[in-house]
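One structure below.
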Amino acid sequence: MVDMDSEDLTGAQLLAAFAALANPHRLRIIAALADGRQYVSLLARQLGMSRPLLHMHLQKLQAAGLVSGELELSEDGKAVKYFEATEFSLHVTPHAIKGLAPTLPEPADNGKETD
């Protein structure tokens, strides 16, 4: 299991974590995995979500380091993908953001405000 702590993240990693967490489906997935690992088919049934949609959300969470996946062979020889939530702690303060500001990626909009 990867231990992710906001004090050890770069700006890009923190943005990825926040982007991954800014979705109710992905928060529900992490909640479902909080008590332990689960295989995709059962997780999809528990959440009332299609497996393709679940996989898309799991990929986003995995890319952000919030979940990890492992492929295992069942007794009957079928490949089963299990996912579990990684341990993470995101404690963000203005000073923490100041410290990682130099590691933030440049905005794609070249500084144009959209808000």
Side-chain angles (χ1 to χ4, degrees):
M1 210 177 282
V2 176
D3 185 23
M4 183 169 63
D5 190 315
S6 59
E7 294 177 5
D8 301 325
L9 297 178
T10 65
Q13 290 168 319
L14 185 62
L15 287 173
F18 282 156
L21 292 170
N23 180 287
H25 291 300
R26 292 191 281 270
L27 289 177
R28 286 184 186 97
I29 292 167
I30 290 176
L33 295 174
D35 292 329
R37 71 186 200 138
Q38 193 60 260
Y39 66 97
V40 173
S41 294
L42 181 58
L43 189 57
R45 284 193 299 273
Q46 287 176 340
L47 296 171
M49 187 180 295
S50 71
R51 288 191 319 178
L53 181 60
L54 177 60
H55 271 289
M56 183 203 62
H57 287 299
L58 285 166
Q59 286 173 348
K60 181 88 169 178
L61 290 166
Q62 191 169 22
L66 301 171
V67 302
S68 62
E70 186 175 6
L71 196 58
E72 294 183 12
L73 288 178
S74 65
E75 290 180 13
D76 61 358
K78 290 183 182 177
V80 180
K81 184 86 178 221
Y82 284 89
F83 280 91
E84 64 184 329
T86 61
E87 290 298 318
F88 65 91
S89 173
L90 298 174
H91 180 79
V92 181
T93 65
H95 283 37
I97 292 172
K98 181 181 179 183
L100 60 77
T103 68
L104 288 168
E106 289 298 319
D109 64 1
N110 295 322
K112 297 176 189 169
E113 276 196 42
T114 57
D115 292 354

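Sequence positions, counted from 1, serve as the residue numbers for this chain.
Arg37 is linked by a side-chain hydrogen bond (donor to acceptor under 3.5 Å, both in side chains) to Glu72, counting only residues two or more places apart in sequence or in another chain. Under the side chain to side chain contact (heavy atoms under 4.5 Å, CB included) criterion, Leu73 pairs with Ala79, sequence neighbours left out. Evaluation of the side chain to side chain contact (heavy atoms under 4.5 Å, CB included) rule for Glu75 yields no partner, not counting sequence neighbours. Residues satisfying the side-chain hydrogen bond (donor to acceptor under 3.5 Å, both in side chains) test with Ser74, not counting sequence neighbours, are Asp76. Taking the side-chain hydrogen bond (donor to acceptor under 3.5 Å, both in side chains) definition, one finds that Arg51 meets it with Ser41, sequence neighbours left out. Residues passing the side-chain hydrogen bond (donor to acceptor under 3.5 Å, both in side chains) test with Asp35, sequence neighbours excluded: none.
Counting all heavy atoms, side chain and backbone alike, Ala85 lies closest to Leu33 at N-CB, 3.8 Å. Among all heavy-atom pairs drawn from Leu9 and Gln13, the shortest one is CA-OE1, 3.4 Å.
Leu43 CG to Phe83 CZ: the interatomic distance, rounded to the nearest 0.5 Å, is 9.0 Å. The NZ atom of Lys81 lies 15.0 Å from the CD atom of Gln38; values are rounded to the nearest 0.5 Å.
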Report, one line per pair, each donor and acceptor closer than 3.5 Å where one atom sits in a side chain of residues 54-65; sequence neighbours left out.
{"from": "His57", "atom 1": "ND1", "to": "Arg26", "atom 2": "NH1", "distance (Å)": "3.0"}

Name the atoms and distances for all side-chain donor-acceptor pairs under 3.5 Å in residues 97-108, with sequence neighbours left out.
{"from": "Thr103", "atom 1": "OG1", "to": "Gly11", "atom 2": "N", "distance (Å)": "2.5"}
{"from": "Thr103", "atom 1": "OG1", "to": "Leu100", "atom 2": "O", "distance (Å)": "2.7"}

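At least one side-chain heavy atom of Leu90 sits under 4.5 Å from a side-chain heavy atom of Leu14. At a threshold of 4.5 Å between non-hydrogen side-chain atoms, the residues Phe18 and Val92 count as touching.
Chaining together hydrophobic side chains whose heavy atoms lie under 4.5 Å apart places Val80 alongside Tyr39, Leu42, Tyr82.
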